[in-house]
**Q** 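This is the structure I have questions about; it appears just below.
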Amino acid sequence: MGREQAPGVCEVLARPRRDTFLVFGMPLIEEDEIAEVVATLRSGWLGTGPKTREFEARFAAHVGLPHAIAVNSCTAGLHLALDALGVGPGDEVIVPALTFAATANVVCHVGATPVFVDVDPLSANMDPAAFAAAITPRTRAVIPVHFAGRPCDMDALLAIARRHGVAVVEDAAHATEAWYRGCPVGALGDVAAFSFYSTKNVVTGEGGMVTTARADLADLIRIRSLHGLSRDAWRRYSATGYQPYEVLYPGFKYNMTDLQASLGLHQLAKVERFWRRRDAIWQRYNAAFAAHPELAVPAPDDPDTKHARHLYTVLLDLDGLAADRQGFLAALRDEQIGAGIHFEALHLQPYYRERFGWRPGQLPRAEHIAGRTVSLPLSPRLSDEDVEDVVAAVGRVLQRLRR
């Protein structure tokens with residue numbers, strides 16, 4: 001919807017409260033996905049197999065790279081990326097403080113130390129200057145997160161990383177459709193990991209994909225994603241008869257199944273149609289919420305980039321509200337609207353405070369955003385009525401809580 005089509009404020013606020021709860025992040029699963037899953041069930045091949053390989057090939061084409069390895073989560077993909085790069089004890093990996101736990105957890109999984117850095121106040125992505133300042137002789141990798149689907153300043157980050165010999169692992173969990181200066185996100189660093197969790201833009205329930213241009217990394221990641229067995233181990237039960245395998249590495253059980261890939265094949269085919277719907281909702285929200293001084297809408301898109309439109313996040317002006325962020329969320333819940341928080345400042349979570357000594361005030365921009373951010377429903381499954389219910393509910397909540 002464009003601004004000229006938007007209902008007036010009084011008309012919006014007069015909408016009745018919803019009768020049913022609008023769940024945050026519900027995916028749109030259509031009949032062709034369901035039929036594909038049923039066909040997979042009937043085929044008898046449920047684990048890693050031909051549909052997983054087809055999904056990998058299509059995703060590789062989507063990002064324009066020769067290698068895509070399907071895994072059971074983005075977390076697994078990030079872990080495998082660091083493992084294949086040889087990151088381990090004694091090494092440091094730089095991560096933004098505003099991200100999901102997995103981004104730093106995988107650093108701990110390989111025995112390295114996560115080093116948190118601050119974010120840009122407008123994009124909420126890793127600040128290149130903060131990255132540069134955090135590099136030490138022990139820095140082996142950096143994990144920029146394309147927060148909410150907005151591409152990071154990859155030119156600056158890559159220039160710093162190359163100057164210091166630091167590997168770049170893109171956390172593209174939010175960014176399946178994102179582009180940066182003519183290049184798809186996921187094809188910018190040494191390796192990238194995508195998420196297909198139930199709330200993501202491409203959904204397989206659980207699942208992920210690792211992409212890279214480097215054949216050496218792709219071979220290691222594929223082998224290590226399935227117990228460290230020799231490549232194409234999934235074929236050992238195929239029509240060609242049992243094929244012996246070798247254990248090449250003490251690997252992990254991180255493989256995707258054909259049941260998941262059955263969903264992914266159709267979800268990927270619809271990625272642009274779904275993006276256009278989310279973009280329409282995004283523009284409606286921008287038009288509706290720009291008039292409210294108590295919240296800030298997302299910053300405009302950066303030039304020569306495509307935002308994946310994964311999360312629509314607003315920042316609350318808590319000084320202008322007679323409630324804290326939890327009070328705002330509770331009031332939305334009373335209006336039958338689900339919302340999320342993306343994210344709490346990760347360096348202030350108990351494990352990272354106690355294990356590495358992080359304290360409040362060290363990364364002020366990430367902490368400021370983390371204390372005020374709210375994510376509103378954004379899914380191609382939302383009807384126009386759902387969207388207007390969100391707009392009306394936010395308006396009524398702000399009216400009630402305004403100082």
Side-chain angles (χ1 to χ4, degrees), residues 63 65 67 69 74-120 123-147 150-175 178 180-181 183-194 210-221 224 346-347 352 355-356 358 362-363 365-366:
V63 297
L65 289 179
H67 307 290
I69 304 96
C74 183
T75 305
L78 292 171
H79 184 194
L80 288 164
L82 293 179
D83 186 67
L85 287 164
V87 178
D91 295 331
E92 294 176 348
V93 178
I94 296 174
V95 299
L98 195 69
T99 185
F100 184 57
T103 312
N105 288 354
V106 296
V107 179
C108 299
H109 293 341
V110 296
T113 299
V115 176
F116 295 102
V117 297
D118 218 338
V119 298
D120 178 87
S123 71
N125 282 330
M126 180 183 288
D127 179 1
F131 164 43
I135 293 174
T136 75
R138 296 200 299 165
T139 304
R140 287 290 307 280
V142 60
I143 309 180
V145 178
H146 303 289
F147 177 77
R150 182 187 301 273
C152 293
D153 184 354
M154 292 301 294
D155 282 351
L157 294 172
L158 286 166
I160 296 164
R162 299 305 181 230
R163 190 160 61 244
H164 293 274
V166 172
V168 178
V169 179
E170 294 179 77
D171 184 333
H174 296 177
Y180 177 83
R181 298 186 178 176
C183 186
V185 161
L188 297 159
D190 294 283
V191 59
F194 292 83
V210 184
T211 58
T212 183
R214 291 176 51 177
D216 60 330
L217 289 180
D219 285 345
L220 291 175
I221 289 167
R224 295 177 183 188
L346 188 51
H347 67 295
Y352 290 102
R355 175 69 177 82
F356 300 106
W358 288 94
Q362 290 182 284
L363 302 175
R365 296 193 296 273

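FYI, the numbering just counts along the sequence from 1.
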**Q** Within a strict 4.5 Å, meaning less than it, do heavy atoms of the Ile160 and Val142 side chains meet?
**A** no
**Q** Any idea how Tyr352 and Phe116 line up, ring-wise: parallel (<30°), tilted (30 to 60°), or perpendicular (>60°)?
**A** perpendicular
**Q** Atom NE2 of His67 and atom CG of Asp216: how far apart are they, to the nearest 0.5 Å?
**A** 8.5 Å
**Q** For the backbone of Arg365 and the side chain of Asp118, can you confirm whether one donor and one acceptor N or O come within less than 3.5 Å of each other?
**A** yes
**Q** Would you say Asn125 and Pro144 make side-chain contact, with heavy atoms under 4.5 Å?
**A** no
**Q** Mind listing the closest non-hydrogen atom pair of Glu170 and Ala187 along with its distance?
**A** OE2-N, 3.6 Å
**Q** Test your reading of the model: is there a side-chain donor-acceptor pair from Arg140 to the backbone of Leu85, 3.5 Å cut-off?
**A** yes
**Q** Looking at CE of Met126 and CG of Asp153, how far apart are the two atoms once the value is rounded to the nearest 0.5 Å?
**A** 11.5 Å
**Q** What's the shortest heavy-atom distance between His146 and Pro151, and which atoms?
**A** ND1-CA, 3.5 Å
**Q** Drop me the distance from Leu65's CG to Cys183's SG, to the nearest 0.5 angstrom.
**A** 7.5 Å
**Q** Any side-chain heavy atom of Phe194 within less than 4.5 Å of one from Val63?
**A** yes
**Q** Working to the nearest 0.5 angstrom, can you tell me the gap between Ile221 CD1 and Thr211 OG1?
**A** 9.0 Å
**Q** Measure the shortest side-chain to side-chain distance between Phe356 and Val115 over non-hydrogen atoms and say whether it is less than 4.5 angstrom.
**A** no
**Q** Please examine the side chains of Phe100 and Leu346, heavy atoms only from C-beta on, and report whether any two atoms are closer than 4.5 Å.
**A** no
**Q** Measuring from atom CZ of Arg138 to atom OG1 of Thr113, what distance do you get when rounded to the nearest 0.5 angstrom?
**A** 5.5 Å
**Q** Which atom names give the shortest non-hydrogen contact between Cys74 and Ala173, and what distance separates them?
**A** SG-CB, 3.8 Å
**Q** Any side-chain to backbone donor/acceptor pair from Asp190 onto Val169? Under 3.5 Å, distance only.
**A** no
**Q** State the CG-CZ distance between Leu217 and Arg224, to the nearest 0.5 angstrom.
**A** 9.5 Å
**Q** Write down the atom of Ala366, the atom of Leu98, and the distance for their closest heavy-atom approach.
**A** O-CD1, 4.0 Å
**Q** What are the two closest heavy atoms between Leu78 and Val106, and how far apart are they?
**A** CB-CG2, 3.9 Å
**Q** More than 12 non-hydrogen atoms from neighbouring residues, nucleotides or ligands closer than 6.0 Å to CZ on Arg355, yes or no?
**A** no
**Q** So Ile143 and Val107, do their side chains get closer than 4.5 Å, heavy atoms only?
**A** yes
**Q** For a quick test of reading the model, state the closest non-hydrogen atom pair linking Arg150 to Ser123 and the distance between them.
**A** CD-CB, 3.5 Å
**Q** Can you find a heavy atom in the side chain of Val93 that is under 4.5 Å from one in the side chain of Pro114?
**A** no
